[in-house]
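Small disclaimer: the values here were computed from a predicted structure and weren't measured. For the numbers below, each heavy atom of this structure counts, side chains included, while hydrogens, waters and symmetry mates do not.
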Amino acid sequence: MSTLTPVLSIAGSDCSGGAGIQADIKAMSANGVFAMSVITSVVAENTARVISVLDVDAGIIADQIDAVFEDIPPKAVKIGMLDSPEIMKVVADKLEQYQARNIVIDPVMYAKNGAPLMDPACIGWLIETVIPHADVLTPNIPEAERIAGISITDMDSQREAARQIQAMGCASVLVKGGHATGDATDVLFDGEHFYEFTAPRIHTKNTHGTGCTYSSAIASNLALGLPFHKAIERAKQYVTMAIMHSLELGKGNGPTNHFWDLYAHGLEGFKENE
């Protein structure tokens with residue numbers, strides 16, 4: 001009998017497969033866990049544009065979370081797109097009800113092409129209702145600027161944003177450096193100390209879904225029991241690999257390659273049943 005560690009993604013659906021729930025499931029599977037999903041919004045998007053967004057009824061979101069937790073309780077929860085105060089509240093209430101652990105929140109505000117995926121008026125709700133539940137909050141620089149209300153222009157301001165956001169109630173904040181210049185350096189603040197995770201910058205436009213992929217990898221590795229900083233380090237290595245081998249698909253920002261290692265090396269150790 002086989003088993004896998006279960007991990008849940010609560011996020012929006014990207015029909016083009018590069019971001020959202022679809023990216024989460026791929027990233028979680030590639031990191032060796034059993035991926036489950038709660039869909040909060042259906043997003044009609046592709047690599048070039050967002051066409052429309054339809055939010056799922058808050059009651060159905062609650063039912064999906066109940067269905068997962070009552071039968072296959074996840075060891076970690078990744079949270080992505082939460083498009084309205086009603087959705088934020090129901091998700092926050094369910095996290096409390098089930099005492100969810102290893103919560104990684106990616107505060108999705110914009111698509112890779114810049115299209116907004118969260119009403120700016122909801123930022124206050126995000127800060128008050130959702131952020132305090134995060135064991136790790138993973139904003140990119142534009143998202144961190146919106147949440148902290150400051151401009152991020154260098155490593156010092158990246159650290160200051162992390163400090164201010166962590167003071168809003170989450171356990172730790174990882175301000176990602178993908179929108180900066182030079183090496184891609186992510187700054188983690190856990191309330192006491194700063195840590196940096198750096199990888200060489202990969203010059204490609206094909207980065208659709210990197211935030212979803214990174215946060216899902218962090219949640220997966222936390223669920224597998226890796227120490228906190230090791231889980232982030234391993235997730236950073238994974239997303240860097242996925243970007244390095246990103247896919248030239250679509251007319252805009254193509255997706256990352258979640259399964260490059262599997263495609264390159266095959267199912268090592270797999271033996272076909274005779």
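- S172 and Q166 share no side-chain donor-acceptor pair at under 3.5 Å.
- Between S84 and C122, the closest heavy-atom pair is CA-SG, 4.2 Å.
- Of the listed residues (V91, L8, V77), just one forms a side-chain contact (heavy atoms from CB on, under 4.5 Å) with V38, and that residue is L8.
- Between atom NZ of residue K205 and atom OG of residue S246 there is a gap of 8.5 Å, rounded to the nearest 0.5 Å.
- Within the 4.5 Å cutoff, side-chain heavy atoms of M155 are placed close to those of V187.
- Counting heavy atoms from C-beta on, the side chains of I87 and M81 never come closer than 4.5 Å.
- Closest non-hydrogen pair, P74 versus M36, comes out as CB-CE, 4.0 Å.
- One N or O on the side chain of T204 and one on the backbone of N206 form a donor-acceptor pair closer than 3.5 Å.
- Contact of the R159 side chain with the F189 side chain is not registered, since no non-hydrogen atoms from C-beta on lie closer than 4.5 Å.
- Shortest non-hydrogen contact noted between I21 and A11 is CG1-O, 3.5 Å.
- Of the possible polar contacts, none joining the E96 side chain to the D93 backbone as a donor-acceptor pair under 3.5 Å is found.
- A distance of 8.0 Å separates CD1 of I150 from CD of E145, quoted to the nearest 0.5 Å.
- Considering only heavy atoms from C-beta on, K75 stays 4.5 Å or farther from V33 through its side chain.
- Minimum interatomic distance between T207 and N253 (heavy atoms only, all atoms of both residues): N-CB, 4.4 Å.
- No single ILVMFWY cluster, assembled from side-chain heavy atoms under 4.5 Å apart, contains both Y214 and I141.
- For the residue pair N46/S16, the side-chain donor-acceptor check at 3.5 Å is not satisfied.
- No donor-acceptor pair under 3.5 Å is formed between the side chain of D135 and the backbone N or O of V104.
- The hydrophobic cluster containing Y238 also includes M241, W260, under a criterion of side-chain heavy atoms closer than 4.5 Å among ILVMFWY residues, counted directly or through chains of members.
- N31 and S220 form no side-chain donor-acceptor contact under 3.5 Å, judged by distance and modelled atom types alone.
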